[in-house]
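Notes follow the structure.
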Amino acid sequence: MRRSRRHRLARIFLPIAALLGGMLACNAIEDETPKPSGDGPGGQGVVAVDSADLAEATVQIFAMEDNDSEWTIVWSGSGSVVSPDGMILTNAHVVDNRYDEYTDLGVAIIERTDKPPELTYLADIAAVDYGLDIAVIRIVSDIDGNLVTPQLSYIQMGDSDAIEIGDHLRILGYPGIGGDTITYTEGAVSGFTRERGVDGRAWIKTDATIAGGNSGGMAVNAAGELIGVPTQASASDESEVVDCRPVADTNRDGYIDDNDTCVPIGGFINGLRPVNLARPLVEAAMSGEEYVADMQTGGDSSEFDLSEIFFYHLQFADGVTEDDQPTGSGYSLPSDVSHVCAFWDYDGMIDGMTWSAYWFVSGEMSEEGSFLDTPWSGGEAG
């Protein structure tokens, strides 16, 4: 994904309050994803198998601002069409709008691999898991806002637990280094990496070239099945970062931005999120049910050791500076203060776990000021 933005650290303004946090939840990964079928005019609605068909099932996704009927591109990424009627699997950060940074999601489709894709549809988020960095979007209209039910070339989802080291992979997407047209690279499965809070394979390592803009795209096995989603990853603490997402304010400047250190994921360069982790999202999106993001540990919350999570150095302040630094911070505040902000350090958290921060005013919990059953997305420590 290609993007440029700065996240201000979350801050809470409220009458004098006290805080405590809680974590819960889990979700098992089961069942086979429904295999959609259908044909449409012009050879559309068919299952993609060869490289040209796979390219047609790979879309470019645009986060856009509508400025007086003209589109301004905020950032772009890639996606894989997983049903003929326009369900698209991608990365959560490609469509992340929790900070209201765009107004519309655009979907661009190619007709020829030697030409740029054409912005054709608008889409909505159907299911999202920020902890796993996976999302499903649904095409809802053409670019003019007219409701449509498209018939697109699509790819079937394979079994990411069945691939092994040395298996051949094809990667398709729209990386920034590839110009405006679709880019195809290939390589092999280099290994697998586990991740705290994720059941089974959390990452598929590969030597295939993956660069910014490939995020959310297509990783295909020899049978032409989708087995992974190219996802931002880091080489290591010492190595050059390849398409990495900062997730913590490591330089303590009050922002999460490109000046922060990328969080290494297993010490490898190019990573794919296994498609099996995406099955619950795809199933929820196709059935119209709400997807609830959990820790994906494959069990109940009792299996997670809360003793490994630490919230400490809690301080309150009567305000913040423009760059989100505390003013008048301390462990107590005068009684005449009308607003309060909380600052704390944390360690041992897992993106995607559910947490709550309860604020109380004069002994009564404030639902407006509290964070209730919210997916955590601040990284392990910060």
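No experiment lies behind these values; they were computed from the predicted model shown.
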With rounding to the nearest 0.5 angstrom, report the [atom1] to [atom2] distance, [X] to [Y].
X	Y	atom1	atom2	answer
Leu281	Ile134	CG	CD1	6.5 Å
Ile88	Arg138	CD1	CZ	11.0 Å
Asp124	Ser141	CG	OG	8.0 Å
Gln151	Ser83	CD	OG	9.0 Å
Asp159	Glu225	CG	CD	8.5 Å
Met87	Met286	CE	CE	6.5 Å

Next item on the list: Could you verify whether a donor N or O on one side chain and an acceptor N or O on the other, from Asp66 and Thr103, lie under 3.5 Å apart?
Entry: no

Can you tell if the side chain of [X] reaches within under 4.5 Å of the side chain of [Y], non-hydrogen atoms only?
X	Y	value
Leu89	Val275	yes
Pro230	Leu272	yes
Tyr184	Ile171	no
Tyr291	Glu283	no
Leu122	Met64	yes
Ile227	Asp167	no
Glu70	Thr72	no
Leu226	Met218	yes

Between [X] and [Y], is there a donor-acceptor pair closer than 3.5 Å when you use the side chain of the first and the backbone of the second?
X	Y	result
Arg170	Ala219	no
Asn91	Asp133	yes
Ser190	Asp207	yes
Thr206	Ala188	yes
Asp142	Asp144	yes
Arg201	Ser160	yes

Checklist line | Candidates Phe62, Tyr174, Tyr102 - the one meeting ring-ring contact (aromatic ring centres under 6.0 Å, His included) with Trp75 | finding: Tyr102

Notebook entry, point to check: Could you walk me through whether Ile143 and Trp71 pass the side-chain contact (heavy atoms from CB on, under 4.5 Å) check?
Noted result: CA-CA 10 Å; Ile143 199 63; Trp71 299 112; 3.8 Å; yes

Notebook entry, point to check: Should Leu152 and Val140 be regarded as members of a common hydrophobic cluster, given that ILVMFWY residues are connected when their side-chain heavy atoms come within less than 4.5 Å of each other, either directly or indirectly?
Noted result: no

Expected list for residues 105-121: side-chain donor-acceptor pairs under 3.5 angstrom, two or more places apart:
| residue | atom | partner | partner atom | Å |
| --- | --- | --- | --- | --- |
| Arg112 | NE | Asp114 | OD1 | 3.0 |
| Arg112 | NH2 | Asp114 | OD2 | 2.8 |
| Thr120 | OG1 | Glu118 | O | 2.7 |

Margin query: Determine whether Arg273 and Leu132 satisfy the following criterion, side-chain contact (heavy atoms from CB on, under 4.5 Å), listing intermediate values before the conclusion.
Written below: CA-CA 8 Å; Arg273 272 300 195 191; Leu132 293 175; 4.3 Å; yes

Looking at every non-hydrogen atom in both residues, tell me the closest pair between [X] and [Y] and how far apart they are.
X	Y	answer
Leu54	Thr58	O-OG1, 2.8 Å
Ile155	Ser80	CG2-CB, 4.3 Å
His168	Glu186	NE2-OE1, 2.8 Å
Thr185	Ala208	OG1-CB, 4.5 Å

Next item on the list: Take Asp53 and Ser153 through the test side-chain hydrogen bond (donor to acceptor under 3.5 Å, both in side chains) and record every step on the way to the result.
Entry: CA-CA 7 Å; Asp53 290 338; Ser153 295; 5.5 Å; no

Next item on the list: Give a yes/no verdict on a cation-pi contact between Arg194 and Trp203, requiring under 6.0 Å between NZ or CZ and the six-membered ring centre and an angle within 45° of the axis.
Entry: no

